[in-house]
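Following: one structure in structure tokens, then a few remarks.
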2 protein chains.
Amino acid sequence: MSQRKITIKEFAGKLGVSTATVSRAFNTRGRISAKTRQYILNKATELGYCANVHAKNLSRQDTSTIGFFYPVINSEEPDYFIDEIMFGLNNRLQKVAKTLQVNPFPEFCSEETLNLCRQKILSGSTGGVIIVAGSKGSKVLFETAKSAAVPYVIIGHLLGIENNAVQFDNEHGASLAGNYFRKINRSHPAYIGGHLDSAKKQGFINGLKVSEDQIFITHCGYGFRAGADAFQKVIKSMPEVDCVLCANDPIAMGFISAAQAHNIKIPEDIAVIGFDDIRPSRFFVPGLSSVSLRLSMIGMQAVEMILKNMNGEPCPTQHIECDLVLRESS
Amino acid sequence: MSQRKITIKEFAGKLGVSTATVSRAFNTRGRISAKTRQYILNKATELGYCANVHAKNLSRQDTSTIGFFYPVINSEEPDYFIDEIMFGLNNRLQKVAKTLQVNPFPEFCSEETLNLCRQKILSGSTGGVIIVAGSKGSKVLFETAKSAAVPYVIIGHLLGIENNAVQFDNEHGASLAGNYFRKINRSHPAYIGGHLDSAKKQGFINGLKVSEDQIFITHCGYGFRAGADAFQKVIKSMPEVDCVLCANDPIAMGFISAAQAHNIKIPEDIAVIGFDDIRPSRFFVPGLSSVSLRLSMIGMQAVEMILKNMNGEPCPTQHIECDLVLRESS
DNA sequence: TAATCTTGCGTAAACGTTTACGCAATATAT
DNA sequence: ATATATTGCGTAAACGTTTACGCAAGATTA
């Protein structure tokens, strides 16, 4: 039961070889005959030898784990946005035998909590870090990594960053939605935004090719409930509304639910498009059209970049193309 | 820029103290005066000293990272079931300053991939592991952990496990659904199951208090599409059906969508209940009733157990109570 | 055949911590 | 005042790997 693990010294002893030879059998560096390597590998599975990873990391001054840091916007439920990115990360990391270490931190978090994160970066526990922008903490962690020369990649937009980021173009994405509404001849647009999504708003205006005052604009939180509330505002101020862009998908779902409860037909009366294309959007009835940020692809890209970065190669910032996914709601 | 990190020796040297004293300043063990500790801590933030985690782990023969292993059922998209559990894990782990290492492995995975996981367990990279049951790999990893005396917790049901598990009672959960249908006087029930959910089926029968041959039963995959297909079968074989329990939520959503396309009213004509209560169920229209497994609570419980286990305390298997969450679909 | 190059392996010194042990110096008890 | 207990800190030996270096033995070359 409580087997203490066999160490390289004991293992080498049993085989009558040196620890150096054992080490060489498992690693590609160093000279060793094919025969002894095979012998050692066989014996290893037989005796259950497996190198201690801490000793290895310490000796090599290196590790194969990648840290993933992201702000927790809503502490009540999982974040689909993040989950989708993480899905992409894992997908790619598996293929290169790296391990993911996940580090959520509250959006508004104490200095202390942030320090715990900083220590994870500074203590060498990760060979590189991927940081999701979107809170003050993100910035702090970015600076920590940068000043400690730990390879990093930022997902999203952070002030003062030029390289090593993978970004999405919200403005362009929103313009796709505007474009589409224009093409299907909807002419009474509304935009329901989050706190500070001015890029989306601007893109929407550009796509529609109208002036700002022809659009009804309102701001709200990022949730389902907020979307439902926003519907009331919209319908009151602009009863003739026939197309709506929402800053994320839950808002759009809330809007649609409230609208349907008012016997408004989607998309016949009002065409609705959301943002992010989170997974539930395809389950929603009617299927929710959405501006896809290709989040899992962003995750994969981030992995590519961090690998390069860890290799010392430079990493210009990548821009991931948005995509308008049309379903029944528009 | 490329600052090499300062080591304890260098740091201690600058302060004119020994490495032992520095170490004692950061750890609670060992005797040290309050004054020197404070002095050292101050100097540390000033000079940016942070202990190397690999050296620490090696010396301590111990680590504060917890490994999370789970089978990937669908390699195309994130798994809500898992995400919800992981949410609970993180939530709890943060409070005890432990770090999560995530290790997805394909449901049907190669010996090689599995070995990578086994090595993570055997190499001491984790102080304890939490394994989600549900594939052959889960069993292998469980055995690995057990035989190597690495603290483990199993989420779900695994053959031959008595302790260290946190389980949910699918049978009881399904009986709640049956009960409910009986109370609202629905008498033509159907059950749409996954490959091997006999516990759910049995529970449903028990709750309904009918014999098995009074229920229409069909099996299908675990997705949205499968649920839509199942609807066709059900409506053909049992046109008078008025209540349905589905083995998971996506199935239920698919079923409802297909039914609505046939102008069948939910819940008036057919009341539908899903299983797992994944997050999208509350966005769905109509809101999907579901048997909640309280997944995030399961995650939290798993953390409690692994902590105890790592502490050497015994861990009897925990059973998490199911809960019937009623929304508009039933 | 002798000179050189290559291969396979062992010895031992890192890597950066923690901690048992010991010894002064100080505090407490008699 | 002396005897004893406690406190604060330094010395050095782990922890389990990797790898530079060196040295025989075998392979290659001239």
Side-chain angles (χ1 to χ4, degrees), chain A residues 3-41 43-44 47-65 119-120 122-127 148 150, chain B residues 3-41 43-44 47-65 119-120 122-127 148 150:
Chain A
Q3 327 264 15
R4 199 177 59 81
K5 283 222 39 231
I6 184 175
T7 75
I8 197 174
K9 225 176 274 182
E10 296 163 351
F11 179 60
K14 288 202 188 190
L15 302 208
V17 299
S18 74
T19 64
T21 304
V22 171
S23 176
R24 282 192 280 253
F26 286 97
N27 302 298
T28 45
R29 9 197 164 192
R31 298 185 298 219
I32 186 174
S33 78
K35 211 168 69 173
T36 20
R37 162 169 288 142
Q38 210 29 257
Y39 173 67
I40 292 180
L41 294 183
K43 279 292 187 183
L47 300 180
Y49 170 71
C50 177
N52 178 298
V53 75
H54 302 125
K56 185 180 208 141
N57 288 341
L58 175 59
S59 181
R60 282 245 186 104
Q61 295 279 80
D62 170 20
T63 169
S64 68
T65 100
Q119 282 178 26
K120 285 181 190 169
L122 295 173
S123 68
S125 80
T126 58
V150 171
Chain B
Q3 326 263 16
R4 199 178 58 82
K5 285 222 38 234
I6 185 175
T7 75
I8 197 175
K9 225 175 274 183
E10 296 162 352
F11 179 61
K14 288 201 188 189
L15 302 207
V17 300
S18 74
T19 63
T21 304
V22 171
S23 177
R24 283 192 278 255
F26 286 97
N27 301 298
T28 46
R29 9 195 164 193
R31 299 184 297 219
I32 187 176
S33 77
K35 210 168 68 172
T36 21
R37 161 169 288 143
Q38 209 29 256
Y39 172 66
I40 291 180
L41 294 183
K43 279 292 187 183
L47 300 180
Y49 169 71
C50 177
N52 178 298
V53 75
H54 301 126
K56 185 181 209 142
N57 288 341
L58 174 59
S59 182
R60 283 243 186 105
Q61 295 279 79
D62 171 22
T63 169
S64 68
T65 99
Q119 283 178 26
K120 284 180 191 168
L122 294 173
S123 68
S125 81
T126 57
V150 171

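Chain A is the first sequence line, chain B the second, and so forth, proteins listed ahead of strands; every chain is numbered from 1. Any value given below was found using the heavy atoms of this structure, including those in side chains, with hydrogens, waters and symmetry copies removed.
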Round to a whole Å and report the spacing from CD1 of Ile32(A) to P of dT18(D). 12 Å
Minimum-distance nucleotide to Arg29(B) side chain [options: dT19(C), dG8(D), dG16(D)]: dT19(C)
Return the nearest nucleotide to the side chain of Thr36(A); candidates are dT18(C), dG8(C), dT18(D). dG8(C)
Between Ala20(B) and Leu58(B), which has a closest nucleotide on DNA chain D that is more 5'? Ala20(B)
Less than 4.5 Å apart, side chain to side chain, heavy atoms only: is that true for Thr19(A) and Phe11(A)? no
Please tell me if the side chains of Asn27(B) and Lys56(B) come closer than 4.5 Å, counting only heavy atoms from C-beta onward. yes
Thr7(A) has a side chain; which of dC15(D), dT17(C), dT17(D) sits nearest to it? dT17(D)
Presence of donor-acceptor pair under 3.5 Å, side chain of Ser23(A) and base of dT18(D): no
Any side-chain heavy atom of Leu41(B) within less than 4.5 Å of one from Phe26(B)? yes
Out of dT17(D), dC9(D), dT18(D), whichever nucleotide has its closest atom nearest the side chain of Asn52(A): dT17(D)
Shortest side-chain distance from Val17(A), nucleotide among dG10(C), dG8(C), dT18(C): dG10(C)
Relative to the 5' end of DNA chain C, which residue comes earlier, Arg37(A) or Ile8(B), by the nucleotide with the nearest heavy atom? Arg37(A)
Toward the 5' end of DNA chain D, which comes first, Thr21(B) or Ala55(B), by nearest nucleotide? Thr21(B)
Min side-chain heavy-atom separation Asn52(A)-Lys5(A) under 4.5 Å: no
Per Ser59(B) side chain, nearest of listed nucleotides dT19(D), dG16(C), dT17(D): dG16(C)
Atom CD1 of Ile6(A) and atom P of dG16(D): how far apart are they, to the nearest Å? 11 Å
